[in-house]
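If you're wondering where the values come from, they're calculated on a predicted model, not measured in any experiment. Numbers restart at 1 for each chain; the letters A, B, ... are given by sequence-line order, proteins then strands.
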There are 2 protein chains.
Amino acid sequence: MKKSKKEVTIYDIAEQLNVSATTVSRALNDHFSIGKETTLAVKKLAKKMGYRPNTIASSLRKNKTNTIGVIVPWIHRPFISSLISGIEEVADKAGYNVIISQSCDSFEKEVTKAQTLYSNRVDGLIVSLAMETKNYEHFYPFQQNDIPLVFVDRVSFEMEADRVIINNFDAAFNATEHLIKMGCRRIAHFAGAQHRNVYRERQEGYINALKKYNLPVDETLIVYSNLSMEEGWKGTEYLLKLSDPPDAIFSANDSAAVAAIQCAKEAGLKIPEDLAVVGFNNDRISSIVEPPLTTITHPAIDMGKIATQQVLKHKENKDVVQSETIVLKTGLTIRTSSLRKVAIKNSVQGLR
Amino acid sequence: MKKSKKEVTIYDIAEQLNVSATTVSRALNDHFSIGKETTLAVKKLAKKMGYRPNTIASSLRKNKTNTIGVIVPWIHRPFISSLISGIEEVADKAGYNVIISQSCDSFEKEVTKAQTLYSNRVDGLIVSLAMETKNYEHFYPFQQNDIPLVFVDRVSFEMEADRVIINNFDAAFNATEHLIKMGCRRIAHFAGAQHRNVYRERQEGYINALKKYNLPVDETLIVYSNLSMEEGWKGTEYLLKLSDPPDAIFSANDSAAVAAIQCAKEAGLKIPEDLAVVGFNNDRISSIVEPPLTTITHPAIDMGKIATQQVLKHKENKDVVQSETIVLKTGLTIRTSSLRKVAIKNSVQGLR
DNA sequence: TTGTACGCGTTATCAA
DNA sequence: TTGATAACGCGTACAA
């Protein structure tokens, strides 16, 4: 049975060198007031003794943890894991750690996680809201104590806080307009929960595009779900059974869109000739599915980076009081799944 | 300019209630020695005053942070993000936080991250090694201070530490044997860095399967790379240009395997008739690509869960001294990309 | 250039 | 059932 040794502290080093703990502390932090030689000697001995600074003690004293808290719905979603990657990169460069929490799209869990992170005295909090969340009081403590709070992607407009988002409305509008220009006239939509900004705005973009081109908005063509592959498959089955089925689907994410392609193909339809499909996110599967999926490009990593920069900005510059909303650009990556006009033309000419 | 208020401490509560801070501390932690009424009164006032426990102070005093550190090569890889998901889930249930760090496959970064996590006095460390890492001294401090250290997937056998792995050898052997049974005779292999256990063992499994069936081991058919899609594509081009090209590829991951399928298809080959392909990991793309990819099932989430349980086990049970190596089962998920026999038979009979 | 003394917020220990 | 006191390891006024 190993006896775990006591850890080395600055006092141990001080004792050996016959200096004060203060001097050791300063030397280790390269304080200018400490002599070159002393500093060197301290560092040398520290290394030799296997000294490891105790961040906990330092944090308590300095009232600063150098840690950024993150709450996301699910870590393993492609968009989210890229987001985290961006957060971690910028945080790391600035000397910050990152504590990650999943809300699992549950309001209750989100509340608990927020409290825990607050108790851990994180220096900033980055949040992408849970599906269920409609109340934001659990973030008040952060606001009240001037802890930078940044929402990403799934945000709240009911709170004073920084936001890093994309223009979901425009993206969805462009996607839908693209389908219209490809000759589609009955365009269905896979929609998400409408109290979450991202899904509401995507639906609004879709509807406005239809209106601009004087196409009817048919509620039977709007399918609400959690946008999983399963729901995408079911939604497609439902749509294809309609007496007047759609000639296109604009899905609020890629998973459901890919499922739509697979389901329609199994039903004997040709993509995009019989059914054009556009997704959202540019997940890796979107370029692998056949035909490749036209989709909206989401700058996930950049969103993480920028959100983190916002946190850091507030830390450095205490004067920054007003909150900012940063809107990032999206792109429409056109692949085969939506090229109905071209596809139809080719097949008429007997090409391919 | 908002003046940030002072945070509420147990002293503030104690003062208001005319009790000692000790009593407040105990009441908040439901210590049995404190009276029902006092406890209730303390909790009520704490809530009213907006008290939030300071985990930092508690950690310093208790010498326990309730935090598990994690170092992984890249957060956004499907396997890794699932792994993290599993870690987070179990840690959360046990009341632990998780600090995540990426090594970006760099040795230097891994060392820095390990030091930082140590300084943060994490109660346990879970590591999946960086590609570059060949030296393990940066983990000594954890061992020496009895901080549970668990390696996952990419592990070191040169250190006394817990390991959670899969049987890469068997998985690769089965994959290769499957190809042989499908009638393949010249099977190529996409291999990774040989000093990392996972890639070395996969290659060994591949070689041993060939030997078992008296097939020659042809070094020109083994392509070493980082197993990215780009490298998978290049590797396939190289293989197809050989004077005696392979009739199958067993890739050490799915990315390179999917690229192989796409490259071969573009070159006019039929999968699996002209080239059978098997991958490794069961990433989402493997079931989306066409034809769907036969691949090895990796219990990523479970590996994360189990690794975390190992950490907790060591915390609870200080007697557990010897380290454990837990080997999880893999499966071979057979999809179309490897069904050469069936495919050939069907095409001969003019089916499909 | 270095040292003294104290406090960060909590909890363990001992005493009442 | 409650309280006084010290201690966790470090950083910072202030003094020398």
Q) Contact class for A:Thr38 vs. all strands (heavy atom < 4.0 Å): base, sugar-phosphate, or nothing? A) sugar-phosphate
Q.
Between P on C:dT10 and CG on B:Asn63, what's the gap in Å once rounded to a whole number?
A. 18 Å
Q. Could you give the angle between the helix axes at the two ends of the helix from C:dT1-D:dA16 to C:dA16-D:dT1, with five pairs per end, rounded to 10 degrees?
A. 30°
Q) Rounded to whole angstrom units, what separation is found between the CZ atom of B:Arg61 and the C1' atom of D:dC8? A) 6 Å
(Q) Mind checking if A:Ser58 touches a base, just sugar-phosphate, or nothing, with heavy atoms under 4.0 Å? (A) sugar-phosphate
Q) To the nearest Å, how far apart are B:Glu37 CD and D:dT1 C1'? A) 12 Å
**Q.** Donor + acceptor pair across side chains of B:Ser20, B:Thr23 (<3.5 Å)
**A.** yes
(Q) Within the 4.0 Å heavy-atom criterion, would you say A:Ser59 contacts the bases, only the backbone, or no part of the nucleic acid? (A) nothing
(Q) Mind checking if A:Thr23 touches a base, just sugar-phosphate, or nothing, with heavy atoms under 4.0 Å? (A) sugar-phosphate
Q: Calculate, to the nearest 0.5 Å, the distance between atoms CD and CD1 belonging to A:Glu15 and A:Ile10 respectively.
A: 12.5 Å
Q: Spell out yes or no: do the side chain of B:Arg52 and the base of C:dG9 have one donor N/O and one acceptor N/O closer than 3.5 Å?
A: no
Q.
Please tell me if A:Asn54 has a side-chain N or O lying less than 4.0 Å from either OP1 or OP2 of D:dC8.
A. no
Q) Between the base of D:dT12 and the side chain of A:Thr22, is there any donor-acceptor pair under 3.5 Å? A) yes
